[in-house]
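For reference, the structure is listed below as structure tokens.
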Amino acid sequence: MRRSFGRTRPSVADVEDTPTTPADSGSAGGVANDAVGTVGAHGRRRARPGRRPLRLVGALAVVGIAATACDKPNFGYPDGVTNHTPRLLNIWQGSAIAALIVGVIVWGMILYAVVAFRKRTDVFPRQVRYNLPVEILYTVVPVVIVGAMFYYTARDESKITKLSASPDVTVNVIGFQWNWLFKYIDPGAGHKGPNQIEVIGRPGEPAVLVLPQNRSIRFVESSPDVIHSFWVPEFLFKRDVVPGRVNQFELTVTKTGTFIGRCAELCGTDHDRMNFYVKVVPQDEYDRFISERQNAPVPSTSGGTTTAASTATTATTGSGQ
Ligand SMILES: [Cu+2]
């Protein structure tokens with residue numbers, strides 16, 4: 001006899017405790033019991049947990065595995081322009097498919113519960129609790145899901161943030177209130193060499209960072225004042241520019257074009273004007289740009305920008321690696 005847990009009305013369970021059919025009294029479960037079900041007090045059939053949900057989960061898993069083997073949709077992921085795009089897209093698609101499988105299972109279970117266990121009479125239903133297999137299941141499954149997400153995220157992040165021994169181009173990125181200063185680091189001349197080329201943004205005149213296509217670019221970030229964040233949406237990547245700390249990342253832009261960049265960290269009054277452009281060009285065009293800038297006279301600066309740029313330059317001297 002099951003406990004009543006304070007019920008005042010007889011329950012289905014109470015009724016079921018008295019066998020009414022041979023199936024109830026004699027069956028040891030299994031397929032036959034699943035197929036026949038349990039006949040309740042009012043002659044209706046009540047489904048028991050059986051193999052059907054397991055079959056559903058198995059079918060969904062097969063669908064999920066098949067989906068990962070086929071051409072997968074983008075699930076709304078934007079087009080990127082760097083060598084990291086396939087990896088980023090892949091983890092996005094994997095996450096979306098995993099979320100869909102979980103979602104379909106949950107929606108299915110909700111719908112099943114709504115239909116199979118809908119209210120039919122005023123009889124208080126049997127209460128299920130202290131079901132160890134179920135509790136183990138809903139503890140283990142989320143842990144497995146989180147563990148899988150952690151594994152794939154850590155695996156991809158370590159590859160995306162990996163730095164090569166000698167990138168083709170190194171650019172110091174200095175974010176300051178409220179603009180950007182880019183310094184091309186000439187490997188032959190060293191970080192403070194005479195061939196160092198600077199591009200600085202001014203109010204109403206965003207800096208344009210020219211980069212070669214299909215070459216590895218290392219960005220070395222620093223800030224003389226507050227936290228900024230270097231973000232080019234098409235790179236599908238952003239990284240904070242933190243005072244007192246040098247952040248670095250590396251990527252290869254595989255498509256030519258001009259892409260807008262923004263500061264993605266609220267940094268003060270004119271934060272919203274901290275835009276810049278990244279112009280990706282073929283190697284020969286990039287070489288022309290570099291040689292023109294190396295031979296050009298040093299442009300004079302004026303007003304507040306001079307102060308800010310000087311501060312930024314001073315603060316970041318020697319900060320690159
Ligand atoms: Cu900002």
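Owing to the predicted nature of the structure, the values given are computational and were not obtained by experimental measurement. Read the numbers this way: they start at 1 and go in the same order the structure lists the ligands and their atoms.
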Looking at Pro212 and Val169, what are the two nearest heavy atoms and their distance?
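Nearest heavy atoms, Pro212 then Val169: CG-CG2, 3.8 Å.
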
Stepwise side chain to side chain contact (heavy atoms under 4.5 Å, CB included) check, Ile160 with Phe237:
CA-CA 10 Å; Ile160 288 167; Phe237 186 95; 3.9 Å; yes

Name all residues meeting the side-chain hydrogen bond (donor to acceptor under 3.5 Å, both in side chains) criterion together with Asn90; count only those two or more places apart in sequence or in a different chain, and write none if there are none.
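For Asn90 the side-chain hydrogen bond (donor to acceptor under 3.5 Å, both in side chains) partners, ignoring immediate neighbours, are Lys72.
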
Going by atom types only, do Asn131 and Glu135 share a side-chain donor-acceptor pair under 3.5 Å?
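No, no side-chain donor-acceptor pair sits under 3.5 Å.
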
Assign the ring pair Phe276 / Phe230 to parallel, tilted or perpendicular, where the plane angle (0 to 90°) is split at 30° and 60°.
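Taking Phe230 first and then Phe276, their aromatic rings lie parallel (interplane angle under 30°).
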
What protein N/O/S atoms are found closer than 2.8 Å to the Cu ion (ligand 1)?
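Counting only protein N, O or S atoms under 2.8 Å from the Cu ion (ligand 1), the list reads Cys263 SG, Glu265 O, Cys267 SG, His271 ND1.
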
Less than 6.0 angstrom separating the ring centers of Tyr184 and Phe289, yes or no?
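Yes.
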
